[in-house]
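One structure is given here, and the rest of the page talks about it.
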Amino acid sequence: MDTIADFLTCIRNAIAARHKEVSVTYTRLKYEIARVLMEEGFISNFRVEGEGPKKRIVINLKYLDDGSSVIRGLERVSKPGRRIYVGSDEIPKVMGGLGIAILTTPLGILTDREARQRRVGGELICKVW
């Protein structure tokens with residue numbers, strides 16, 4: 001089971017249904033991805049609710065004045081059946097630099113820009129634009 005793909009699909013479905021927030025089960029990786037999305041301005045905020053196995057991440061989605069979502073697309077790249085690893089010089093630019101790629105690196109979860117600056121590669125988790 002691919003929990004990251006489910007996480008991205010929950011966000012995609014919530015945007016399609018114009019929900020203000022979406023709740024997903026908590027994992028540290030999902031928490032870090034949500035942190036990166038908030039730092040990059042794709043979501044307005046997120047919080048962790050509950051304790052133990054009932055812990056959840058509640059993500060507040062961000063919309064423009066015309067009602068369209070800030071997130072135009074989410075794409076899972078590295079999958080359990082086929083992992084995609086890239087070096088610091090092979091990190092792709094998403095939408096010519098308008099979007100971001102999220103990577104797991106030895107330094108933690110980073111965006112493509114941060115990974116290039118720190119000259120570190122890793123597993124390419126997803127692309128957001």
Are any of the side-chain heavy atoms of [X] and [Y] separated by less than 4.5 Å?
X	Y	value
I4	K30	yes
I59	F42	no
L124	P92	yes
L29	I125	yes
T27	I57	no
R35	M38	no
L64	V70	yes

Which hydrophobic side chains are connected to [X], either touching it within the sub-4.5 Å cutoff or through other members that do?
X	result
L98	V94, M95, W129
V58	none
L107	L110, V120

**Request:** Flag yes if more than 12 heavy atoms outside E51 fall under 6.0 Å of its CD atom; otherwise flag no.
**Result:** no
Would a single hydrophobic cluster contain both [Y] and [X], if residues Ile, Leu, Val, Met, Phe, Trp and Tyr are joined by side-chain heavy-atom contacts under 4.5 Å?
X	Y	result
L8	V77	no
I43	I102	yes
L103	I33	no
Y85	I109	no

Taking side chain to side chain contact (heavy atoms under 4.5 Å, CB included) as the test, write out the residues that go with [X], two or more places apart.
X	answer
T111	V36, E40, I100, R113, E114
D65	none
K55	Y26, V48

**Item:** Test ring pair (Phe, Tyr, Trp, His ring centres under 6.0 Å) applied to F46 - qualifying residues, sequence neighbours left out
**Value:** Y31
Partners meeting salt bridge (charged side-chain N to carboxylate O under 4.0 Å, His left out) with [X] (sequence neighbours left out):
X	value
D2	R76
R47	E21, E49
E75	none
R83	E123

On a heavy-atom basis, which atom in [X] and which in [Y] lie closest, and how many Å separate them?
X	Y	result
I91	A115	CD1-CB, 3.6 Å
D112	K93	OD2-CA, 4.3 Å
S44	L61	OG-O, 3.8 Å

**Asked** So how far is it from R18 CZ to S68 OG, rounded to the nearest 0.5 Å?
**Response**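 Reported value, rounded in 0.5 Å steps: 7.0 Å.
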**Item:** S69 side chain to R72 backbone, donor-acceptor under 3.5 Å
**Value:**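 Judged by distance alone, no pair lies under 3.5 Å.
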**Request:** Quick one: list whatever passes side chain to side chain donor-acceptor pair (under 3.5 Å) with T9, sequence neighbours left out.
**Result:**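 Result, side chain to side chain donor-acceptor pair (under 3.5 Å) vs T9: R12.
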